[in-house]
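Throughout, a chain's letter reflects where its sequence line sits, starting with A, and its residues are numbered from 1.
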2 protein chains.
Amino acid sequence: MADGNPRASAKTMAEIAQLAGVAESTVSRALAGSTRVSRGTRERIFNLVREQGYQINSSARNLRTQRSRTIEVVIAISEATRQHFSDPFFSQIIGSIGDALAENGFDMLLSRQSPWSDAFGANALASNRADGVIIIGQGRDPSSLEDYAREHKNVVVWGADIPNRSYPVVGSDNFAGGQLVGRHLMAIGRRRVVFLGDVSHIEIGLRHRGLVAALTSTDQTSTQTLTLSMPFDGASAYDATRELFSDRVWHDAVFAASDILAIAAMQALADLKIRVPEDVAVIGYDDISVSALVSPALTTVRQDTAAGGRALVEKLLATIDGDLPGDLILPTQLVVRRSCGAT
Amino acid sequence: MADGNPRASAKTMAEIAQLAGVAESTVSRALAGSTRVSRGTRERIFNLVREQGYQINSSARNLRTQRSRTIEVVIAISEATRQHFSDPFFSQIIGSIGDALAENGFDMLLSRQSPWSDAFGANALASNRADGVIIIGQGRDPSSLEDYAREHKNVVVWGADIPNRSYPVVGSDNFAGGQLVGRHLMAIGRRRVVFLGDVSHIEIGLRHRGLVAALTSTDQTSTQTLTLSMPFDGASAYDATRELFSDRVWHDAVFAASDILAIAAMQALADLKIRVPEDVAVIGYDDISVSALVSPALTTVRQDTAAGGRALVEKLLATIDGDLPGDLILPTQLVVRRSCGAT
DNA sequence: AGGTGTTGCGCAATCGATTGCCGTTCCCTA
DNA sequence: TAGGGAACGGCAATCGATTGCGCAACACCT
């Protein structure tokens, strides 16, 4: 018993103050690291805190300070998009956001419902649960996001640099990414390209436009691009690919809007005994970790999620501090592996 | 202007009360759906709330009610384990937990640091953030988790049914899963099995024991199992597999503790021109969505993450309500695909 | 009319920490 | 010894909602 009776009961700051023989205000200041408390007092208080296993009640603190040191992260995945939350791309970016937030002493509230979607649901920002919001993806209809951003402070978004925005954006250069793919395909002599992805989704539309731009800006013989556009998940990408190639193999390349789609497409081709990359080259987007591990390894456009997540957090925290940070469009990089048939 | 001036300023319940000409208490009760408020008053209040875009301040509410309607979800990934947060297995289970929480009106606080790891970290100091904690994985050292669970109420864990626990557990039957694999391998005539995974990790150890039990409980000719045990990620699984098989192909099967490891192993084998499944059968664990899409499609043991996530939430909420829910060990299921060479 | 409920609502205490402002104490200097 | 600071710490208001208790008004019954 000499070592105290840890976390027996002690609960409030008042109790600590009582034990230390000081006022609550002093305990508060000591814990906050204020210089207005003498070293001796501070140490006495810290020892008691440790002994008693005292923890600040964050509800009370949040109420008083009017902030929560919590950030809401929203993965706005509509049913219609069919994109799965478990797409590793999301996990990667969420992971890096989480790390960056933790380093700054912020908690992360994860949500899959856009705060504007449910008219009468709870809105974390409005209700003081969160000091800011990071939204992953602009989705197919950026206008509701725009409305939301206008009415709320402290919103940053992972997405594309679209005009008439009122929020800072971090994203990768989707158009350039599409271009990289287009140029690469031209360079290795593939002209008849299938694009797989929902082009009405802003970012994916940009990838598509980049592809088309690269393919048509050349003076080589005309190219023919087929765009399969619909909400895609792995399964439907498989089906679409399988159907397209089941009659005959006319196209010689597939560019999928995400690695998940690309991997599904490769599977469909394999099941049709169509060789990748000999008969059809396949290129994906994201560079999720499994892409290096499939056979053949997937050529893809890397999005730097680590830098992206970190930047999102930096910009949001700056916004909260009253700054007006600019946007950040990260460069993309083509990661050439076997699936495209290049050297 | 007739339609009011939405979300102009209105902020506190007091303002709403003022506008409605009632006391704060009445507004509070109306919002809480108390029957002690007349229909007329209730409607008047609701209209004002809508008009003014009022949202209850959750810090204040949490302080007063002493709960937060928030659950913390912890992915306890140690550096040493090398397991990546972006493993789709985690995303899947987090997704289903998130859905179940949302249905019950709870928020999800996502954290990658076990609450016991940083004894005095920055925000370990704060409490009352969450009404309960869901911990994914017992890790390699369940004792610190045990300590934590003893000192805290409302903790449920995804993991294995280990003895001397003081928390409810939901998990899949790892031993049975390993057995399934062992039996299947025996049935298809593979005897020389390599196990890939960190057996000091509780759940993975069980999978391993299940495998060994199945392989040795038979009266067929003796089997030889090699266990490669170390913290694994995709890359190191690749390396280990590559090294093991580079001299000669003695083993005829690989059982990996997760699909990610299995996919990496398949890649290593492919790079060595070793055929899967003809020369070496490969079986994974988890059945993440990409496993059906790799070539050859991966035979694996399915963990029902959807049911698991839901059960975790149910049990936690029951615990919060004062119940003492039992454990739930979900059945596992062998999903036979091409990589094991079965029909 | 008086008694007994029932409804509907307000008063005021309360949750636990933060912080502006002010009061001591102590030390140093002139 | 008086005066001027600096250093340290306490008082009390405050954040915004919840809730036990009490009171008024009205209905119903005998």
- Task: Measure from CZ on A/Arg42 to C1' on D/dA7 and round the result to the nearest Å.
- Result: 13 Å
- Task: Answer yes or no: side-chain N or O of A/Ser25 and base N or O of D/dC11 forming a donor-acceptor pair under 3.5 Å.
- Result: yes
- Side-chain ion pair, A/Asp99 and B/Arg112, N-O less than 4.0 Å: yes
- Task: Check whether any side-chain nitrogen or oxygen of B/Thr26 sits under 4.0 Å from OP1 or OP2 of C/dC9, and answer yes or no.
- Result: no
- Query: Does a side-chain heavy-atom distance below 4.5 Å link B/Ile93 with B/Trp158?
  - Reply: yes
- Item | Between C1' of C/dG10 and CE of B/Met13, the distance in whole Å | 15 Å
- Task: Let me know the distance between CD of B/Gln18 and P of D/dG16, rounded to the nearest Å.
- Result: 15 Å
- Task: Record whether the side chain of B/Arg64 comes under 3.5 Å of the base of C/dT14 through a donor-acceptor pair of N or O atoms.
- Result: yes
- Item | Polar pair under 3.5 Å, donor/acceptor by atom type, side chain B/Arg29, base C/dG10 | yes
- Task: Report which part of the nucleic acid A/Gly21 touches: base, sugar-phosphate, or nothing (heavy-atom distance under 4.0 Å, all strands).
- Result: sugar-phosphate
- Query: Nearest of C/dC9, C/dT19, D/dG10 to any side-chain atom of B/Arg36?
  - Reply: C/dC9
- Item | Salt-bridge contact A/Arg165-A/Asp327 (side-chain N to carboxylate O under 4.0 Å) | yes
- Interatomic distance where CG belongs to B/Leu63 and P belongs to C/dT18 [whole Å]: 12 Å
- Task: Nearest whole angstrom, please: distance from the P of D/dA13 to the CD of A/Gln66.
- Result: 19 Å
- Query: To the nearest angstrom, how far is A/Leu31 atom CG from C/dG16 atom C1'?
  - Reply: 13 Å
- Answer with base, sugar-phosphate or nothing: what part of the nucleic acid does A/Val37 contact at a heavy-atom distance below 4.0 Å? sugar-phosphate
- C/dT7 phosphate, OP1 or OP2, under 4.0 Å from B/Thr35 side-chain N/O: no
- Query: Roughly, in whole Å, what's the span from CD1 in B/Ile56 to P in D/dC15?
  - Reply: 17 Å
- Looking at A/Tyr54, does any N or O in its side chain come under 4.0 Å of the phosphate oxygens OP1/OP2 on C/dG16? no
- Whole-Å distance, A/Glu24 CD to D/dC8 C1', equals 18 Å
- Message: If you assign B/Thr65 and B/Val22 each to the DNA chain C nucleotide with the nearest heavy atom, which residue ends up on the more 5' nucleotide?
- Response: B/Val22
- Query: OP1, OP2 of C/dC15 versus side-chain N and O of A/Ser59: anything below 4.0 Å?
  - Reply: no
- Query: Take atom CG in B/Asp321; do more than 12 heavy atoms of anything else shown fall under 6.0 Å from it?
  - Reply: yes
- Say whether B/Thr41 and B/Ser38, considering side chains only, have a donor N or O and an acceptor N or O under 3.5 Å apart. yes
- Query: Under 3.5 Å, is there a donor-acceptor pair between the B/Ser68 and B/Asn62 side chains?
  - Reply: no
- If you check the B/Arg61 side chain, which of C/dA17, D/dC8, D/dT18 turns out closest? D/dT18
- Message: What contact category does A/Thr41 fall into here, base, sugar-phosphate, or nothing, at under 4.0 angstrom with non-hydrogen atoms?
- Response: sugar-phosphate
